[in-house]
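Structure first, then comments.
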There are 2 protein chains.
Amino acid sequence: MAVNTQFSIAVHMMATLGVGCERNGEMTSSELAESVNAAPSFVRRVLSKLSKAGLVQTRTGKSGACSLAKKAKDITLLDIYEAVEAPKAFAIHSYPNQKACRVSCNIKHTMEKVLDKTQASMEQSLAGHSLAELVNEMKKP
Amino acid sequence: MAVNTQFSIAVHMMATLGVGCERNGEMTSSELAESVNAAPSFVRRVLSKLSKAGLVQTRTGKSGACSLAKKAKDITLLDIYEAVEAPKAFAIHSYPNQKACRVSCNIKHTMEKVLDKTQASMEQSLAGHSLAELVNEMKKP
DNA sequence: TCGTACTGTTATCTTAAAAGTAACAGTCTA
DNA sequence: TAGACTGTTACTTTTAAGATAACAGTACGA
């Protein structure tokens with residue numbers, strides 16, 4: 001896997017915290033790691049980003065734990081996407097700025113404009129879904 | 001670079017063919033490769049996909065060449081995106097289907113639903129731009 | 001107050017996918 | 001029929017993601 005799964009893992013973690021079967025939504029990173037099926041250290045790294053973005057609260061020290069920092073309905077998938085700094089959907093290849101060809105000279109800028117729009121529309125779609133939606137969906141029998 | 005630049009390269013190639021400065025839009029793969037600044041063989045591989053998707057015409061044999069198979073205005077960026085089979089914008093991490101946890105059991109399906117929507121909105125955005133738009137943009141001084 | 005059980009961070013190793021490279025088979029035309 | 005293309009495949013290199021592990025920092029509680 002060289003594909004980026006951080007976003008998907010982050011959403012899973014947040015959803016797990018949101019459902020919060022045990023101890024009113026508080027879990028340790030190891031518990032989370034087990035639930036998400038990823039390395040504990042990797043989970044902690046993602047957790048750290050989520051925490052810096054103000055999406056989860058953490059308590060250090062003995063009996064430390066993590067929990068959502070806001071209500072699930074106030075967290076969108078875009079928040080999570082931005083928090084984990086997932087890579088852009090598209091990459092533009094690099095040019096050494098070709099000599100005389102008009103295409104090479106202009107395409108980069110043109111491409112960027114189009115891809116930015118596309119990226120924006122994707123992010124808007126993510127913004128349209130709250131974590132609460134997922135949690136509710138998952139609480140169904 | 002482990003990021004996928006095939007889409008961006010394909011668009012560049014198509015745009016170059018669309019502008020078609022020389023020989024009414026016909027170019028050899030080596031010319032294209034030079035213009036796009038990528039390995040000729042890689043260009044040919046991408047070209048092959050575009051050709052299979054019916055976006056470019058190729059002529060084999062001596063004095064072979066490539067050109068657009070349709071008018072630029074009838075080719076959308078989505079066509080190109082689909083032709084090169086670029087990876088999905090998001091990947092879902094794999095689970096060994098956790099035991100008792102309701103979250104693990106349901107989240108995969110729920111995530112897929114959401115991410116499919118997101119992917120769709122992105123593709124719709126791509127569908128909204130024709131190659132002709134890019135070409136015109138680039139012909140500007 | 002000291003050990004313990006956490007979080008948070010960093011450094012290093014492993015792995016997988018993308019792009020680069022090259023070689024060659026197939027095709028056509030001049 | 002030789003030469004200049006396309007089309008394909010096999011192999012190598014590169015790079016970024018994820019796994020792993022080790023350790024520093026923090027707070028609780030016995």
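Protein chains get the first letters and strands the later ones, always in sequence-line order, with residue 1 at the start of each.
- Counting to the nearest Å, the C1' atom of D:dA4 and the CD atom of B:E31 are 12 Å from each other.
- As judged by a 4.0 angstrom heavy-atom cut-off over every strand, B:R45 is placed among the base-contacting residues.
- Taking 3.5 Å as the limit, the base of C:dA22 and the side chain of B:S41 contain a donor-acceptor pair of atoms between them.
- In this structure, A:K52 reaches the sugar-phosphate backbone alone: every heavy-atom distance under 4.0 Å involves primed, P, OP1 or OP2 atoms, never a base.
- Residue B:S63 places no side-chain N or O under 4.0 Å from the OP1 or OP2 atom of D:dA4.
- The CZ atom of B:F7 sits 16 Å away from the P atom of C:dA18 (whole-angstrom rounding).
- Listed by chain and residue number, nothing satisfies the side chain to side chain contact (heavy atoms under 4.5 Å, CB included) test with B:A120 (two or more places apart in sequence, or in another chain).
- At a cut-off of 3.5 angstrom, the base of D:dT20 holds no donor-acceptor pair with the side chain of A:R44.
- Shortest non-hydrogen contact noted between B:V84 and B:Q6 is O-OE1, 3.8 Å.
- An OP1 or OP2 oxygen of D:dC5 is reached within less than 4.0 angstrom by no side-chain nitrogen or oxygen of B:S30.
- Among the protein residues, B:T58 comes within range of the sugar-phosphate backbone only, with heavy atoms under 4.0 Å from sugar or phosphate atoms but none that close to a base.
- Listed by chain and residue number, A:K73, A:D74 satisfy the side chain to side chain contact (heavy atoms under 4.5 Å, CB included) test with A:K71 (two or more places apart in sequence, or in another chain).
- Whole-Å rounding puts the A:K49 NZ to C:dT10 P distance at 13 Å.
- Taking atom CG of residue A:L32 and atom P of nucleotide C:dC6, one finds them 13 Å apart after rounding to whole Å.
- The interatomic distance linking A:N37 (CG) with D:dT20 (C1') rounds to 15 Å, in whole Å.
- As rounded to whole Å, 16 Å separates atom P of D:dT26 from atom CZ of A:R59.
- The listed nucleotides are C:dT29, D:dA27, C:dT21; the one nearest the side chain of A:T60 is D:dA27.
- The CG atom of A:L47 sits 11.0 Å away from the NZ atom of A:K52 when rounded to the nearest 0.5 Å.
- In this structure, B:T5 reaches the C:dA19 phosphate: one of its side-chain N or O atoms is under 4.0 Å from OP1 or OP2.
- One interatomic measurement links the two molecules: CZ of A:F42 to C1' of C:dA11, which rounds to 16 Å at whole-angstrom precision.
- Within the model, atoms OG of B:S130 and CG of B:L78 stand 12.5 Å from one another, a figure rounded to the nearest 0.5 Å.
- Rounded to whole Å, the distance from NZ on A:K62 to P on D:dC28 is 11 Å.
- For the pair A:Q6 and D:dA17, the criterion of a side-chain N or O lying under 4.0 Å from OP1 or OP2 is not met.
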